[in-house]
> 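This structure is in structure tokens; I'll ask about it shortly.
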Number of protein chains: 2
Amino acid sequence: MSTKTIRNMEEFAAAIGLSRPTVSKFFNDPESVKTSTRERIEAALKAHDYRPNIYAMNQNRKLTKNVGIVVPYLADPFFAEIARNIEQRCIDAGYRPTLYSSHGDPALEGEILDGLRSLKPAGVLLAPLGRASDRAAVEKFCTDVPTVLFDSSLPGVGAPFVGSDNPQFTNLIVEYLCRTAEPPSFFEMATPANPNAKKRRQAYVEAMEVRGFEPHVVSVPGSGWAFEEIGHEGGLAALDARRFATDTVLCSNDRLAIGFLAACYERGLRVGRDEGAAIRVAGQDDHPFSRFTCPPLTTVAQDYASVSRHAVQTLMDLVEGGEAPAETTLFEGKLIMRASA
Amino acid sequence: MSTKTIRNMEEFAAAIGLSRPTVSKFFNDPESVKTSTRERIEAALKAHDYRPNIYAMNQNRKLTKNVGIVVPYLADPFFAEIARNIEQRCIDAGYRPTLYSSHGDPALEGEILDGLRSLKPAGVLLAPLGRASDRAAVEKFCTDVPTVLFDSSLPGVGAPFVGSDNPQFTNLIVEYLCRTAEPPSFFEMATPANPNAKKRRQAYVEAMEVRGFEPHVVSVPGSGWAFEEIGHEGGLAALDARRFATDTVLCSNDRLAIGFLAACYERGLRVGRDEGAAIRVAGQDDHPFSRFTCPPLTTVAQDYASVSRHAVQTLMDLVEGGEAPAETTLFEGKLIMRASA
DNA sequence: GAAAAAAATTATCGCGCGTAAAAAATTTAT
DNA sequence: ATAAATTTTTTACGCGCGATAATTTTTTTC
């Protein structure tokens with residue numbers, strides 16, 4: 001407790017008996033001052049609850065410690081989880097992350113990137129909307145601001161990308177499904193926002209052909225991010241029209257599968273891999289809720305930890321090291337066997 | 001298109017043939033300059049893509065246009081949805097919202113509030129962790145920064161609160177359940193983070209007693225935010241121990257209900273209100289995923305729109321009008337009848 | 001103990017803008 | 001047309017800190 005309030009760094013330094021530049025140096029890098037000095041400052045910090053004015057700090061600095069994290073749709077717990085993971089890693093690395101969601105809206109994505117520019121961030125971790133993104137705008141942003149793309153790549157944009165190995169995901173689960181019973185049909189939305197969906201469909205077709213099975217792709221109408229609803233409505237229609245060639249359905253992603261499970265339930269189809277079951281259903285992603293569907297969903301788990309860790313590491317290299325190759329890093333998924341297939 | 005790059009407001013003003021203070025006035029309130037002047041500036045704005053440096057702007061200003069939005073757990077789509085709603089309303093009101101999640105961690109909540117201070121926000125919309133929150137810290141924050149609490153109130157903290165009328169929620173669904181079949185047992189976690197849970201249990205007990213039924217509360221161990229898991233594990237144990245007095249279970253919230261549904265499925269109990277069903281299950285909140293459970297969950301819908309609208313309105317009044325009474329506003333829920341009960 | 005190295009100080013600038021007061025230009029009223 | 005009221009512009013200063021260079025002080029090394 002001190003008698004007078006500290007208004008700025010000058011007063012704070014004076015209260016300790018140090019010069020302002022020394023204290024300034026400390027805030028930029030505590031290791032850059034002598035140990036005894038550092039301890040004096042840290043002690044005073046607790047006594048006076050002073051903090052540097054962040055606006056004054058960043059105004060005259062070439063690079064701030066701000067990091068932007070942009071995800072396409074935060075109401076999807078998958079993105080919430082990975083954002084949380086990334087956020088924490090940024091904090092641990094001494095940066096100040098700010099989270100944004102495009103809410104599935106390309107215009108909003110553009111506005112977020114625009115707003116981010118004026119924050120002069122050290123770097124940005126961007127999971128773009130995908131197909132719907134304004135490619136030119138994103139590309140320009142990536143050349144202006146050190147950016148690492150994650151989850152969804154953007155062809156032609158020269159920024160490092162960290163994501164999942166979609167073909168491996170699909171191969172893994174197709175192999176499992178073919179091995180254990182009838183080969184799967186593939187259930188997807190016709191116009192997915194995310195480019196990963198396309199890769200998964202292609203991988204499905206190849207995986208089936210390699211094994212000598214004929215691929216059956218069931219595309220249902222729908223775009224946007226209301227995957228459960230699309231899976232539900234489309235699932236009902238597809239079931240009623242008997243569009244599935246076998247008793248096994250592989251969904252393009254878990255949220256679609258959750259909607260499809262609801263459709264199966266509604267039609268009285270028992271889902272599972274045991275004797276009395278009418279249909280097997282599998283997903284891809286290992287969504288946080290997939291453990292609690294009825295029945296629990298068999299799926300392929302995204303490697304959240306690796307993706308977020310590597311994305312942040314790549315950004316740090318890019319920020320601190322200057323140039324970096326715009327390379328792609330993909331992580332493999334793990335088969336999660338549950339009751340649905 | 002201009003030949004030289006605009007570096008600051010001085011150059012920008014010069015390019016139009018105006019003085020910097022006039023342009024500065026425009027940015028603070030476009031209506032405060034003559035119409036013809038405003039049009040000249042807006043035209044130049046498009047030609048030169050200049051934007052004021054936000055750090056220089058905020059440094060010497062008593063009040064910024066920043067608004068903080070803090071939710072306890074962003075991986076819960078309920079909070080993601082309401083945050084999105086609030087965020088958009090703040091933008092529409094001309095403010096610059098930033099979203100934070102406490103991730104269920106009291107320490108992190110404290111750090112977020114601390115970091116928020118140095119942003120000198122015009123106001124903050126805070127959904128506190130609840131029971132786990134550092135009450136003293138939150139209270140002090142509320143006296144320093146104009147704050148509106150939402151979702152979860154904090155007894156003793158003198159800030160306006162906007163939330164849901166929990167007793168009304170519970171009464172509504174208890175009335176429905178009692179009217180249509182056997183009166184419900186109440187399924188909850190023993191040590192909920194959120195104070196709403198307690199109010200719901202109390203309301204359940206009263207609602208039962210009023211109708212001449214004996215209340216049965218089934219509390220299962222668990223704390224934190226992994227509600228589905230707690231509902232699942234606790235549900236299995238409670239079912240096996242035959243702790244439910246009737247064939248109807250009212251869950252404290254939808255996420256708990258989702259976990260409980262999974263437990264029912266695992267034990268082969270058919271959930272629903274039709275003939276062959278073994279048990280009825282209902283929730284509270286109308287979680288975004290509740291439409292797609294198996295069977296779809298009967299619940300009470302939160303009035304997202306009203307809560308977010310009124311919370312933002314209250315904050316704006318508080319920010320622009322100065323003082324405001326620390327009053328409480330509650331919104332009623334709507335019964336959502338689906339197949340589960 | 002002196003020389004070398006490291007750390008802290010002094011001094012001074014600049015960042016880009018907010019803001020207040022005074023001066024000038026414009027609009028409105030008489 | 002002239003005076004009064006309003007709007008706009010000019011002038012001047014300050015915000016809190018980063019950054020740098022030139023000294024001075026302290027610490028380390030031999």
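Note on naming: letters A, B, ... go to the chains in the order of the sequence lines (proteins, then strands), and numbering restarts at 1 for each one. Just so we're clear, the structure is a prediction, and the values are computed from it rather than from any experiment.
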> When you look at CZ of R38(A), are more than 12 heavy atoms from neighbouring residues, nucleotides or ligands closer to it than 6.0 Å?
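Counting neighbours around CZ of R38(A), more than 12 heavy atoms of other residues, nucleotides or ligands fall under 6.0 Å, so yes.
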> Let me know the distance between CG of N28(A) and P of dA7(C), rounded to the nearest Å.
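Result: 16 Å.
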> For the pair made of CZ in R51(B) and C1' in dC17(C), what is the distance, rounded to whole Å?
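In whole Å, dC17(C) C1' and R51(B) CZ are 17 Å from each other.
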> Can you tell me if N8(B) uses its side chain to pair, donor with acceptor, with the backbone of E11(B) under 3.5 Å?
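Pair found, side chain donor or acceptor close to backbone of E11(B).
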> I6(B) CD1 to dC17(C) C1': how many Å, rounded?
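Checked: the CD1 to C1' distance equals 16 Å.
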> Which whole-number value in Å describes the distance from F27(A) CZ to dG16(D) P?
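That distance rounds to 15 Å.
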> Could you check whether R84(A) pairs with E81(A) (Lys NZ or Arg NE/NH1/NH2 to Asp/Glu carboxylate O, under 4.0 Å)?
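Between E81(A) and R84(A) there is a salt bridge, with a charged N closer than 4.0 Å to a carboxylate O.
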> Hey, mind stepping through Q88(A) and H103(B) against side chain to side chain donor-acceptor pair (under 3.5 Å) and telling me if it holds?
CA-CA 10 Å; Q88(A) 190 55 53; H103(B) 300 312; over 6 Å; no
> To the nearest Å, give me how far apart CD (Q59(A)) and C1' (dG14(C)) are.
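Rounded to the whole Å, the gap is 9 Å.
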> Which whole-number value in Å describes the distance from D29(A) CG to dG18(D) P?
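Nearest whole value for this atom pair: 13 Å.
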> Distance check needed: dA19(D) P versus R61(A) CZ, whole Å only.
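So the CZ-P distance, R61(A) to dA19(D), works out to 6 Å.
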> Run the numbers on F141(A) and V157(A) for side chain to side chain contact (heavy atoms under 4.5 Å, CB included), then give the verdict.
CA-CA 10 Å; F141(A) 183 84; V157(A) 173; over 6 Å; no
> Check whether the ring centres of F78(B) and Y304(B) lie less than 6.0 Å apart, and answer yes or no.
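Between Y304(B) and F78(B), which both carry aromatic rings, the centre distance is below 6.0 Å.
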> Using a heavy-atom distance cut-off of less than 4.0 Å, which residues of residues 17-26 of chain B contact DNA chain D?
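The answer is L18(B), S19(B), R20(B), P21(B), T22(B).
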> Could you tell me how far apart I16(B) (CD1) and dT9(D) (P) are, to the nearest whole angstrom?
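I16(B) atom CD1 is separated from dT9(D) atom P by 10 Å.
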> Answer with base, sugar-phosphate or nothing: what part of the nucleic acid does S32(B) contact at a heavy-atom distance below 4.0 Å?
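Sugar-phosphate, backbone atoms only, no base.
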> According to a strict under-4.0 Å criterion, is Y50(B) in side-chain N/O contact with OP1 or OP2 of dG16(C)?
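Indeed not, no polar side-chain atom of Y50(B) lies that close.
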